[in-house]
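Just follow the structure's listing: the first ligand is 1, and inside any ligand the first atom is 1.
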Amino acid sequence: MPIKNDSGPSRARLIGNILFLVAGLFLLINLLSPLLFGPSIPKVPYSMFIHQVRDEEVARASVGQDQIRYQLKDEVGQPGQILSTTPIFDLELPRLLEEKGVEFAAIPRPKGNWFTNILGWVIPPIIFVAVWQFFIGRGMGGGPQGALSITKSKAKIYVEGEAAKVTFADVAGVEEAKAELVEVVDFLKSPQRFTQIGARIPRGVLLVGPPGTGKTLLAKAVAGEAGVTFFSIAGSEFVELFVGAGAARVRDLFEQAKKHAPCIVFIDELDAIGKSRATAGFYGGGDEREQTLNQLLTEMDGFDPNIGVIVLAATNRPETLDPALLRPGRFDRQVLVDRPDLSGRRAILDIYAQKVKLAEDVDLEALAARTPGFSGADLENLVNEAALLAARNNRQAVAQEDFGEAIERVVAGLEKKSRALSDKEKTVVAYHEVGHAMVGVLMPGSDRIEKISIIPRGMAALGYTLQLPTEDRFLLNEAELRGQIATMLGGRAAEEIVFDTVTTGASNDLQRATDLAERMVTTYGMSKVLGPLAYQQGQQPRFLENGAPNPRRMVSELTAEAIDKEVKDIVETAHHQALDILKYNRDLLDAIATQILKIEVIEGEELQGLLNQVKPVMDSEKIHVAV
Ligand code: ADP
Ligand code: MG
Ligand code: ZN
């Protein structure tokens, strides 16, 4: 249950008083106005005024824009009555008045008296200042929660009971990160043990990793394990309407945290406020973030870590962070929360599989093997998708088949049967995908091709060739990388051969192929011309530099040219290799493409049977094929 914020009745009373005062003043002015402005003058309709003028009863008139005051002719012994009327737009009036011998003059717009003037000038600023003070004040002290709490930190507060629901047992596959965080838990549990021997306690721990890998979950688990209060706020929530509010929120957050120590302050999406000052704010709005960031830095420097407040933060874009955040005494400890490996995925699947009913045939080990690159969140999603499919198929328990389909859904986005391709498009897509598969099957380092489909999935892929590695690969040799590039270019090569032209569908393939070739040259030192040098800046300096956009080391123009040439060489060689293979196996290419156009999906044994027929190009034959 969230703790209610300490309320500040004094603040509420103050605003009440101000409103009361303002209301009182207006009442007073209304009551006093007859005295101040003299007795009120009887009003008559304009028509009556005109009548009176025509009947020559009017002695004199003062004509204003919104009022005409006039005096009737003196009657015996007493002055004529003074009346007023509201004029209508009447250009004839002056002539009429003149005709009837009325003495008339225009009145300048009423200026009111000094008192109303001063009130008019003074009251709006007073109200403005009062409201402003109220909001700013709420940011600094406590205040009741409500629609008005603009600067109030939106930190969600969990007490022990709630955070304790999440423990390290709920997080799997990130063992290194857990091991590092155990220390933080120990400290929060018994800070004396550390302070006694004079150990310096980390103030800030930064969790770095791709989205969905469990950073937020880990932070909650730390609070849960230690049994302390957990304040969490997302960096994006700091982005505020007016300058100063974000900074006030940070101040307020830390004030509350100090009151509830020992506790954890968790700042999610730190990059939203912690963007490097050098790169941020190009389009304005940088000031506000900078103030917020400065306040955060001040607060982190300001508190004594021995009171038991530890700041955790998470980001998936560490390279954009302001280097000042990473200095000693701030987020000087960084914990990598990476995508899980095979055993990690198995452990995560175990957690979520417990929550659904599994059929006998489900093999979690195999599922883990088929899902490299999946994050914890992806795996959770996978189990859920599988359960949904099982329910839709009226099954009592989730079967392996459901998982298989769920993997495809998570991999390639949801099936979009409704989005129809034209026949021509379908043919191009079919040849493109078969091209990938036929080149891929011959290449070293290529993953097994499980499925070719031309049913569009998601937004990006029109068709796709599903390749699933059976193991996690950490080491690939040059031939394998070249093989992957050739496979990526296989789609475009098929389009070239069959249609003698290329479509836009291959752009993503080209991007990936070029990237990989560049990495071979600049990072892995696989070019004979350029030698075993790393032309890419390492991660570390890039991390700390002020957002330098160029990841390449300073190289001479000559070297840059050589790099470009080598990259081009690798890609072109691979391209030719793909072309050779497909030309050499043209009949098979047509046969598989025709088949897939008929049934949309080819997989399993049928696919393996077809792909086994792809013949490698012998060097002697290449000469006349490649022309
Ligand atoms: P991040 O903050 O890194 O983007 P989250 O912690 O928000 O990721 O993860 C989203 C959800 O995915 C979690 O609530 C949890 O259900 C699941 N999840 C992610 N990583 C893991 C993991 N390592 N172990 C168990 N569940 C995980
Ligand atoms: Mg998160
Ligand atoms: Zn492609």
Side-chain angles (χ1 to χ4, degrees), residues 165-178 181 206-224 232-237 266-272 312-318 335-341 343-355 368 371 374-384 410 412 428-440 449 452-454 460-467 484-496 502-513 578:
K165 278 185 205 152
V166 181
T167 66
F168 279 152
D170 298 315
V171 194
V174 282
E175 299 311 317
E176 293 92 345
K178 267 202 243 177
L181 290 171
L206 180 63
L207 305 173
V208 181
T213 47
K215 299 181 292 296
T216 307
L217 196 65
L218 267 172
K220 281 185 188 165
V222 170
S232 95
I233 188 157
S236 53
E237 288 172 40
F266 177 56
I267 305 174
D268 215 345
E269 305 160 39
L270 180 65
D271 39 290
L312 296 183
T315 181
N316 44 27
R317 301 163 66 202
V335 174
L336 180 67
V337 187
D338 211 348
R339 293 203 178 88
D341 62 4
S343 62
R345 292 196 298 274
R346 171 72 211 259
I348 295 172
L349 282 172
D350 276 337
I351 292 180
Y352 293 108
Q354 272 175 20
K355 297 179 181 166
T371 48
F374 277 42
S375 69
D378 293 334
L379 291 166
E380 184 185 10
N381 187 19
L382 169 69
V383 175
N384 190 48
V410 179
V428 174
V429 171
Y431 272 99
H432 179 104
E433 297 304 330
V434 175
H436 281 306
M438 287 179 57
V439 175
I449 292 137
I452 309 176
S453 159
I454 55 168
L462 293 175
Y464 73 99
T465 306
L466 185 66
Q467 283 182 295
Q484 290 193 348
I485 295 174
T487 308
M488 290 170 192
L489 295 171
R492 179 196 157 103
E495 291 185 39
E496 282 175 79
V502 290
T503 62
T504 52
S507 69
N508 184 39
D509 295 333
L510 299 188
Q511 185 78 47
R512 283 167 56 220

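- Although no hydrogens or angles enter the test, the distance criterion places no donor-acceptor pair under 3.5 Å between the side chain of K178 and the main chain of G173.
- Contact atoms of ligand 1 toward E380: 11 (C), 12 (O), 15 (C), 16 (O), 17 (C) (distance under 4.0 Å to a heavy atom of the residue).
- Counting atoms of ligand 1 from 1 in the listed order, those under 4.0 Å from a heavy atom of P211 are 4 (O).
- Contact annotation for D170 and ligand 1: only backbone heavy atoms (N, CA, C, O) come within less than 4.0 Å of the ligand.
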After noting the C-alpha distance and the side-chain angles of L218 and L312, does the key distance pass the side-chain contact (heavy atoms from CB on, under 4.5 Å) rule? CA-CA 10 Å; L218 267 172; L312 296 183; over 6 Å; no
For side-chain contact (heavy atoms from CB on, under 4.5 Å), just list the numbers for D338 and V208, CA-CA rounded to whole Å, side-chain angles, deciding distance to a tenth of an Å, and then say yes or no. CA-CA 8 Å; D338 211 348; V208 181; over 6 Å; no
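- Here the heavy atom of the protein found nearest to atom 26 (N) of ligand 1 is Y352 OH, 2.6 Å.
- In this structure, the side chain of D378 engages the main chain of S375 through a donor-acceptor pair within 3.5 Å.
- An N or O contact shorter than 3.5 Å links K215 to ligand 1 by distance.
- Checked by distance only, ligand 1 and I348 stay at 3.5 Å or farther apart across all their nitrogen or oxygen atoms.
- Inclusion of L217 in the set of residues having an N or O under 3.5 Å from an N or O of ligand 1 is warranted.
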Would D170 and I351 count as a side-chain contact (heavy atoms from CB on, under 4.5 Å) here? Give the steps. CA-CA 7 Å; D170 298 315; I351 292 180; 5.6 Å; no
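- The closest donor-acceptor contact from the side chain of K355 to the backbone of V383 lies at 3.5 Å or more, if one exists at all.
- Across the listed options G376, G209, A172, G214, A172 owns the non-hydrogen atom lying nearest to atom 23 (N) of ligand 1.
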Between F168 and L181, is the side-chain contact (heavy atoms from CB on, under 4.5 Å) condition met? List the steps. CA-CA 10 Å; F168 279 152; L181 290 171; 4.0 Å; yes
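- Inter-residue side-chain proximity for V439 and L489 is flagged as unmet; no heavy-atom pair is nearer than 4.5 Å.
- Residue contacts with ligand 1 leave out G173, since none of its heavy atoms falls under 4.0 Å from the ligand.
- Not a single donor-acceptor pair under 3.5 Å links the side chain of K215 to the backbone N or O of V337.
- Protein heavy atom in closest approach to atom 4 (O) of ligand 1: G212 N, 2.7 Å.
- Closest to atom 2 (O) of ligand 1 among all protein heavy atoms lies T216 OG1, 2.6 Å.
- Protein heavy atom closest to atom 10 (C) of ligand 1, with residue, atom name and distance, is A377 CB, 4.1 Å.
- Residue side and main chain included, D509 places an N/O/S atom under 2.8 Å of the Zn ion (ligand 3).
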